[in-house]
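Working notes for the structure below.
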Amino acid sequence: MNAPVPKPWIMDIAPYVPGRSTTDDGRKVVKLSSNENPLGTPAGARAAFAAAADSLERYPDASGSIVREALAAVHGLDPARIIYGNGSDEVLHLAAGAFAGPGDEVIFVRYGFAVYEIAARRTGATPVIAPDRDYATDVDAILACVTERTRVVFVANPNNPTGTYAARAEIARLHAALPATVLLVLDHAYAEYIDGDHDDGGMALAATAANVLVTRTFSKMYGLAAERIGWGYGAAPIVDAMHRIRLPFSMTIAGQHAAVAALADHGWVERCRRENAELRRWFSDEIASLGNAGLRAIPSQANFVLVVFEGALTAEAAYKGLMDEGYIVRWLPGQKLPQALRITIGTAEETRGVAAALRRLVGRAG
Ligand code: PMP
C-alpha cells in the first residue's frame with residue numbers, strides 16, 4: 001500500500017525521553033529527574049499567570065514585546081536582538097533549522113543535551129560528536145571535529161547531563177578558533193546556578209560577535225518549566241533568520257506575564273543560587289565519602305550532580321533501588337551513560353533523603 005514516506009533523516013531520530021514523575025508501579029514520589037526548581041515559582045509570577053485567565057480568547061502578542069523589554073532592562077540588552085520560543089528547546093531548533101541542512105554538520109559533545117542531536121537531524125544535517133574530557137567539554141576535541149561542512153556548534157555551559165563548566169578563557173578560545181561561518185550556540189539554561197559572579201563571557205560574545213547565539217530559559221531557576229518560555233540573544237542577522245521559521249505564537253499570554261513578573265522578583269535568583277550551591281556542595285561531599293564504593297560526583301555548576309558508579313553498586317541497581325525508596329532520578333543509558341545517574345538538587349529534605357538512600361544501597365551492595 002502506498003503511504004506518505006517520512007524523510008530518512010527523520011526516522012533516524014531517537015525520540016526525546018523526558019524525566020519520569022512516577023515509579024514503575026505508578027507511585028508519585030520525589031522527582032529529581034528533570035532539574036526543576038525545588039523552591040517553586042516566584043509568587044508574583046504565579047499571580048500574573050492566574051490573572052491571564054481573563055483574556056484567554058485573545059492570541060498572545062506574537063512579538064513577545066513585554067518579555068523582550070523586561071529582559072533587555074534586566075540584562076542590559078538590545079530588545080530587537082532577542083529571539084524567543086516555546087522553551088529554549090524551540091530556540092535550539094530554530095538555530096539548527098536556520099543554519100543547517102542536508103550535507104551540513106552540527107557538532108556537540110558526547111555527553112551533551114539530547115535536543116542538539118534531534119535538532120540537527122531534523123534539518124537533515126549530520127550530527128558530529130566530540131569526545132569529552134572526563135565528562136567535561138573539551139574545546140580541542142570540538143575544534144578537531146570542525147570541517148568545511150560545519151555550520152553549528154552547540155555547547156551547554158554548564159553542561160547537561162554532566163553539570164561541568166567551561167571557563168571564560170576556554171569559551172573565548174573556542175570562539176576565536178571557529179570559522180566565522182560557524183554559528184556557536186552557547187546554551188545557558190543553567191547559567192544562573194554558576195557560583196558567584198562567574199560568567200563564561202557568552203553574553204558579551206553574543207553582543208559583539210556575528211556568529212554567537214546565547215540561549216536561556218525561564219524553566220530552571222525561574223520555576224516556569226510548565227509555561228515554556230525560552231529566549232536567545234545574538235547578532236541581528238542571526239535573530240532575523242530564526243524569526244522567519246519560529247511558530248507565530250510560541251509564547252503563551254500567561255507565560256509572558258509570568259516571565260516578566262519572575263524577572264521583577266529581585267531576591268529570587270540570589271536565594272535559589274545560594275540554596276542550590278550549599279546543597280550541591282553537601283551532596284557532592286556525601287558522594288565523595290562513598291568513594292571507596294566506587295561512587296564519584298562529577299564537579300557541577302548546575303542544579304544537579306552526575307554521579308558515576310564504578311564499584312559493586314551499579315548505576316542501574318542504584319536507579320531501581322532509589323525508585324523503591326521513593327526517589328526518581330535520571331538514568332541515561334540512551335545517552336550512552338549507563339554508568340551514571342543525574343540527580344537534581346531538591347529541597348534540603350529531599351537532598352538529604354536521596355543521599356541517605358544511596359548510602360543504604362551502597363551498604364547493601366557491599
Ligand atoms: N538546554 C539544556 C542544557 C537543558 O537541560 C534544557 C532542559 N532540559 C533545555 C535547554 C531546554 O529547556 P526549556 O525548553 O525548558 O527552556
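As the structure is a prediction and not an experimental result, all values here were calculated from the model. For ligands, and for the atoms within them, numbers begin at 1 and follow the listed sequence.
Residue K220 touches ligand 1 through its side chain alone, judged by heavy-atom distances below 4.0 Å. Only side-chain heavy atoms of Y190 come within less than 4.0 Å of ligand 1; its backbone N, CA, C and O stay farther off.
Under the 4.5 Å side-chain heavy-atom criterion for grouping Ile, Leu, Val, Met, Phe, Trp and Tyr, V67 is connected to M221 within one hydrophobic cluster.
Annotation for ligand 1: atoms under 4.0 Å from non-hydrogen atoms of R228 are 13 (P), 14 (O), 15 (O). Near N160, meaning under 4.0 Å from one of its heavy atoms, ligand 1 places the atoms 3 (C), 4 (C), 5 (O). Against a heavy-atom cut-off of under 4.0 Å, S219 is close to the following atoms of ligand 1: 13 (P), 15 (O), 16 (O).
Classification of the Y222-F218 ring pair by plane angle, with boundaries at 30° and 60°, yields tilted.
Side-chain contact between I82 and L71 is present, with heavy atoms from C-beta onward closer than 4.5 Å.
In this structure, atom 12 (O) of ligand 1 lies nearest to the protein heavy atom S88 OG, 3.4 Å. Closest to atom 6 (C) of ligand 1 among all protein heavy atoms lies F113 CZ, 3.4 Å. For atom 11 (C) of ligand 1, the closest heavy atom belonging to the protein is D89 OD1, 3.1 Å.
For F108 and F113, the ring centers sit 6.0 Å or farther from each other. Aromatic rings from H93 and Y116 are positioned such that their centres are separated by 6.0 Å or more.
The nearest pair of heavy atoms linking F309 to A340 is CD1-CA, 4.4 Å.
Taking all heavy atoms of N86, D187, V155, N159 into account, the minimum distance to atom 2 (C) of ligand 1 is reached by D187.
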